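Encoded as structure tokens, the structure appears first; notes follow it.
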Amino acid sequence: MQLLRIAQRSNDTPQSAAELDRLERLIKHFASRTLMLLEVAQISSKKFQLEPAELNLSELLGNVVSDYLPLVVRSGSELITSIQTEVVGFFDRMAVSGIAENLLTNAVKYGRSKPIVLTLTASDEWAKIMVRDNGIGIAEGDMERIFKRFERAVARDTHSGFGVGLWLVRNLAESMGGSITVVGEAGVGSVFTVDLPINPRGTL
């Protein structure tokens with residue numbers, strides 16, 4: 001806000017627009033973090049309820065990519081996407097958004113400014129979201145532990161965070177009848193794959 005006021009006083013219109021864009025991104029980031037904590041509380045108290053509805057998963061992921069692209073660019077990474085078109089099924093919009101946002105944030109945080117790849121593919125029964133980074137990777141002994149609440153594979157003083165993002169992703173995926181897996185190697189990078197049923201629990 002201070003930078004915006006300075007630009008306004010100097011009649012620097014381009015700088016004002018840039019700072020407004022930056023402020024909007026920060027507000028969205030704060031809102032998403034707040035929503036994540038609310039979801040954590042709801043899941044922990046077993047009060048989280050899905051609201052599945054017909055959803056174009058391709059469009060939703062495209063919007064998430066658009067929202068998070070500035071964050072990726074500022075990190076020095078490149079975001080490469082391959083999104084299969086017209087993947088339509090019954091999903092909870094908020095849950096899928098939370099999954100994609102957390103996986104992208106995780107890739108940016110630990111990606112060491114190297115390329116990040118997001119793909120969406122689908123068969124008749126399953127949709128597959130995959131996020132690959134080329135960052136610090138995960139040791140084999142940490143691959144199960146990182147999905148537990150408040151667990152982290154690295155020290156807090158090197159990478160900020162609550163240690164709930166991947167725990168939340170797993171709970172959201174499983175609540176929709178899906179799953180998440182990870183493969184990777186320390187120092188090489190990681191690949192997180194989320195599989196979601198197109199019509200969970202026989203939804204028509």
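The first residue of the sequence shown is numbered 1, and numbering continues consecutively from there. Values reported hereafter were calculated over all heavy atoms of this structure, with side chains retained and with hydrogens, waters and symmetry mates removed. It should be emphasised that the depicted structure is a prediction, and the values quoted were computed from it without experimental measurement.
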Rounded to the nearest 0.5 angstrom, the CH2-OG distance for Trp126 and Ser179 is 6.5 Å
- Should we count CZ of Arg93 as having more than 12 external heavy atoms under 6.0 Å? no
Apart from Val88 itself, members of its ILVMFWY cluster (side-chain separation under 4.5 Å) are none
Margin query: Walk me through whether Ile99 and Ile180 qualify under side-chain contact (heavy atoms from CB on, under 4.5 Å).
Written below: CA-CA 10 Å; Ile99 288 171; Ile180 180 171; over 6 Å; no
- Find out whether Thr193 and Val131 are in side-chain contact, i.e. whether some heavy atom of one side chain is under 4.5 Å from a heavy atom of the other. no
Note: with side-chain heavy atoms under 4.5 Å as the link, the other cluster members for Ile80 come out as Val117
CG of Leu120 to CG of Leu60, rounded to nearest 0.5 Å, is 9.5 Å
Check: Would you say Ser58's side chain and Glu86's backbone share a donor-acceptor pair under 3.5 angstrom?
Finding: yes
Here the gap from Gln84 atom CD to Thr121 atom OG1, rounded to the nearest 0.5 Å, amounts to 6.5 Å
Requested in this report: Verify the cluster assignment for Met130 and Ile138: are they in a single hydrophobic cluster under the rule of side-chain heavy atoms below 4.5 Å apart?
Outcome: no
For Val169 and Gly98 the tightest heavy-atom approach is CG2-O, 4.5 Å
For the pair Ser75 (side chain) and Ser113 (backbone), establish whether a donor and an acceptor sit closer than 3.5 Å, ignoring hydrogens and angles. no
Is it true that, when you exclude Arg132 itself, more than 12 heavy atoms of the residues, nucleotides or ligands shown sit nearer than 6.0 Å to its CZ?
no
(message) Check whether Asp195 reaches the backbone of Gly178 with its side chain - one donor and one acceptor, N or O, closer than 3.5 Å.
(response) no
d(Ser190 OG, Leu166 CG) to nearest 0.5 Å is 9.5 Å
In terms of hydrophobic clustering (I, L, V, M, F, W, Y; side-chain heavy atoms under 4.5 Å; direct or indirect links), are Val194 and Val182 co-clustered?
yes
Minimal heavy-atom distance between Met176 and Pro197, with the atoms involved, is O-CG, 3.1 Å
Distance col, row Glu125:CD vs Leu196:CG, nearest 0.5 angstrom, shows 14.0 Å
Looking only at heavy atoms, the pair that brings Ala100 and Leu61 closest together is CB-CD2, 3.6 Å
In short, Asn134 meets Pro115 closest at the heavy-atom pair ND2-O, 2.9 Å
Q. Does Asn106 use its side chain to pair, donor to acceptor, with the backbone of Asn102 at less than 3.5 Å?
A. no
Heavy-atom nearest pair, Ala95 first then Leu50, reads CB-CD2, 4.4 Å
CG of Leu69 to CZ of Arg74, rounded to nearest 0.5 Å, is 10.0 Å
ask   = Would Leu57 and Ile83 count as a side-chain contact (heavy atoms from CB on, under 4.5 Å) if you check the C-alpha gap in whole Å, the side-chain angles of each, and the deciding distance to 0.1 Å?
value = CA-CA 9 Å; Leu57 195 56; Ile83 298 177; over 6 Å; no
* Going through the distances and angles, do Tyr68 and Val108 end up as a side-chain contact (heavy atoms from CB on, under 4.5 Å)? -> CA-CA 10 Å; Tyr68 274 73; Val108 169; over 6 Å; no
Test your reading of the model: is there a side-chain donor-acceptor pair from Arg112 to the backbone of Gly187, 3.5 Å cut-off?
yes
Those residues at least two apart in sequence (or on a different chain) that pass side chain to side chain donor-acceptor pair (under 3.5 Å) with Lys114 are none
query: Could you walk me through whether Leu79 and Leu104 pass the side-chain contact (heavy atoms from CB on, under 4.5 Å) check?
result: CA-CA 9 Å; Leu79 182 56; Leu104 277 179; 4.1 Å; yes
Closest non-hydrogen atoms of Ala122 and Val87, given as atom of the first, atom of the second and distance, are CB-CG1, 3.7 Å
task: Would you check if the side chain of Ser175 reaches a backbone N or O of Leu172 as a donor-acceptor pair within less than 3.5 Å?
output: yes
For this session: Please answer: with hydrophobic residues joined when any side-chain heavy atoms are less than 4.5 Å apart, are Val65 and Ile116 in the same cluster?
Result: yes
Does Val183 reach the side chain of Phe192, with side-chain heavy atoms less than 4.5 Å apart? no
